[in-house]
Visitor: 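This is the structure I have questions about; it appears just below.
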Amino acid sequence: MAAPEPLTDAVIVPPWSTGRQVVPLLDPEGQIGERVRGLKAKQVNLYRSLAHTPDLLDAWISWAWALRERCSTPRSLREIMILRTAVVMRSEYEWRQHVTMASAAGVPEDKVRAVTAWQTSDLYDPAERAALMLTDAMLTGNVVDAVHEELSRHFTDSERVELILTAGFYAMVPRVLDACRVPVEEDET
């Protein structure tokens, strides 16, 4: 067996290179196109990636917008959870979209900035800390009894389910964004 060739100065491309094939962006058409335009949503590129499967895009929108608009827990709390997910999952797309949404929901800028190290911040109240604890636990796939006990101190059963579904959905979103290689929209002027 021959000795391996020594490495040269050539650049070795990592397997996670952004140069890999992407799902092309497609403008939604028909009823789903009308629905997307009616939402006046800014996640155009995400929806354009998912437009290859109109029925699934329709289901995605129903699920995402139910989490945004039909929950009893505060939108600001759910936005903090989503921002935490964006940080942990390193999702620039999700971060950019939800920083704006968090601001619109009344999350102060200092709380947005502190979400990267929420465990050591004194900006979050006990209920927010419990929701962030749940978010981190769901991202690692290990929601221990202590997390449920802490959640139950601050939230009803239905509110806990809302938070669990929010954390679960938004744990999936960055993986879909990454797998489809959805580009971040250009800043609007």
Side-chain angles (χ1 to χ4, degrees), residues 18 20-113 115-116 127-128 131-132 134-135 138-139 155-189:
T18 58
R20 66 183 175 200
Q21 180 66 42
V22 300
V23 174
L25 300 179
L26 178 69
D27 290 326
E29 296 178 352
Q31 287 182 324
I32 191 63
E34 290 175 26
R35 183 174 187 195
V36 169
R37 286 185 293 279
L39 293 171
K40 295 184 174 44
K42 294 186 178 182
Q43 291 113 320
V44 178
N45 287 346
L46 171 57
Y47 294 163
R48 289 175 68 204
S49 290
L50 299 178
H52 292 274
T53 58
D55 289 343
L56 294 178
L57 171 56
D58 189 51
W60 179 285
I61 290 170
S62 294
W63 183 250
W65 285 77
L67 290 173
R68 287 184 192 165
E69 298 178 343
R70 295 197 301 257
C71 290
S72 62
T73 52
R75 173 77 185 264
S76 57
L77 174 65
R78 295 188 317 277
E79 288 298 333
I80 290 169
M81 294 171 67
I82 296 164
L83 289 174
R84 177 62 184 168
T85 300
V87 168
V88 173
M89 303 298 264
R90 298 177 184 223
S91 178
E92 180 182 0
Y93 190 101
E94 200 67 5
W95 178 263
R96 285 195 186 192
Q97 295 297 333
H98 284 275
V99 162
T100 302
M101 292 180 202
S103 177
V107 179
E109 186 177 326
D110 56 347
K111 276 190 177 181
V112 168
R113 292 183 187 280
V115 78
T116 59
E128 291 169 330
L132 287 166
L134 168 69
T135 302
M138 288 194 64
L139 291 171
F155 302 102
T156 66
D157 289 344
S158 65
E159 290 171 332
R160 288 193 339 245
V161 171
E162 286 178 5
L163 297 179
I164 289 166
L165 292 174
T166 298
F169 181 81
Y170 284 96
M172 173 190 65
V173 172
R175 299 295 53 103
V176 171
L177 289 164
D178 179 59
C180 291
R181 305 305 294 168
V182 177
V184 175
E185 288 85 359
E186 297 296 320
D187 291 334
E188 295 179 5
T189 57

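All values below come from the heavy atoms of this structure, side chains included, with hydrogens, waters and symmetry mates left out.
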Visitor: Between Arg68 and Thr166, is there a side-chain donor-acceptor contact under 3.5 Å, judged purely by atom types and distance?
Guide: no

Visitor: Pair Arg35, Ser62 - check side-chain hydrogen bond (donor to acceptor under 3.5 Å, both in side chains), show working.
Guide: CA-CA 10 Å; Arg35 183 174 187 195; Ser62 294; 3.1 Å; yes

Visitor: Do Thr73 and Glu159 have side-chain atoms, one donor and one acceptor, less than 3.5 Å apart?
Guide: no

Visitor: State the CG-SG distance between Asn45 and Cys180, to the nearest 0.5 angstrom.
Guide: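 If I round to the nearest 0.5 Å, the distance is 11.5 Å.
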
Visitor: So Asp178 and Arg181, do their side chains get closer than 4.5 Å, heavy atoms only?
Guide: yes

Visitor: To the nearest 0.5 angstrom, please state how far the CG atom of Leu50 sits from the CG atom of Asp58.
Guide: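 Output value for this atom pair is 11.5 Å.
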
Visitor: Should Val112 and Trp95 be marked as a side chain to side chain contact (heavy atoms under 4.5 Å, CB included) after you check the CA-CA gap, both sets of side-chain angles, and the distance that decides it?
Guide: CA-CA 10 Å; Val112 168; Trp95 178 263; 3.8 Å; yes

Visitor: Write down the atom of Val23, the atom of Ser49, and the distance for their closest heavy-atom approach.
Guide: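 Looking at all heavy atoms of both residues, the closest pair is CG1-O, 3.9 Å.
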
Visitor: Do Glu109 and Ser103 have a side chain donor and acceptor closer than 3.5 Å?
Guide: no

Visitor: Are the side chains of Val173 and Ile82 in touch, meaning some heavy atoms are under 4.5 Å apart?
Guide: no

Visitor: Could you check Arg84 against Tyr170 for side chain to side chain contact (heavy atoms under 4.5 Å, CB included), going step by step and ending with a plain yes or no?
Guide: CA-CA 10 Å; Arg84 177 62 184 168; Tyr170 284 96; over 6 Å; no

Visitor: Checking side chain to side chain contact (heavy atoms under 4.5 Å, CB included) for the pair Arg96/Glu92: CA distance, chi angles, key distance, verdict?
Guide: CA-CA 6 Å; Arg96 285 195 186 192; Glu92 180 182 0; 2.9 Å; yes

Visitor: Ignoring hydrogens, what is the shortest heavy-atom contact between Met81 and Ala167? Give both atom names and the distance.
Guide: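 It is CE-CB, 3.9 Å.
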
Visitor: What do the steps show when you test Leu132 against Val115 for side chain to side chain contact (heavy atoms under 4.5 Å, CB included), and what is the final call?
Guide: CA-CA 9 Å; Leu132 287 166; Val115 78; 4.2 Å; yes

Visitor: Do Arg160 and Asp157 sit within salt-bridge range, that is, some charged N less than 4.0 Å from a carboxylate O?
Guide: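 Yes.
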
Visitor: State which residue, out of Gln97, His98, Arg90, fulfils the side chain to side chain donor-acceptor pair (under 3.5 Å) condition with Glu94.
Guide: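 Of the listed options, the one satisfying the test is His98.
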
Visitor: Please name the pair of heavy atoms, one in Ala131 and one in Leu163, separated by the smallest distance, quoted to 0.1 Å.
Guide: CB-CD1, 4.3 Å

Visitor: From Trp65 CH2 over to Trp60 CH2, what is the distance, rounded to the nearest 0.5 angstrom?
Guide: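 CH2 of Trp60 is found 14.0 Å from CH2 of Trp65.
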
Visitor: Do Leu77 and Phe155 make a side-chain contact, defined as non-hydrogen atoms from C-beta onward lying under 4.5 Å apart?
Guide: yes

Visitor: Rounded to the nearest 0.5 Å, what separates atom CE in Met101 from atom CZ in Arg78?
Guide: 12.0 Å

Visitor: Do you know the tightest heavy-atom contact between Ala171 and Leu139?
Guide: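 So the minimum-distance heavy-atom pair works out to CB-CD2, 3.6 Å.
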
Visitor: Please report the shortest heavy-atom distance between Leu67 and Glu162, naming the atom on each side.
Guide: CD2-O, 4.5 Å

Visitor: Can you confirm whether Leu26 sits close enough to His52 that some side-chain heavy atom of one is under 4.5 Å from a side-chain heavy atom of the other?
Guide: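 Yes. Closest side-chain heavy atoms under 4.5 Å.
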
Visitor: Is it true that atom CZ of Arg175 has more than 12 heavy atoms of other residues, nucleotides or ligands lying nearer than 6.0 Å?
Guide: yes

Visitor: For the pair Glu128 and Lys111, find out whether any cationic side-chain nitrogen is under 4.0 Å from an anionic carboxylate oxygen.
Guide: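 Looking at Lys111 together with Glu128, the answer is yes, because their closest N to O distance falls below 4.0 Å.
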
Visitor: Minimum heavy-atom separation for Pro183 to Leu25, with atom names?
Guide: CG-CD1, 4.0 Å

Visitor: Compare all side-chain heavy atoms of Asp55 with those of Ile32 and state whether any distance is below 4.5 angstrom.
Guide: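 Side-chain contact under 4.5 Å: no.
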
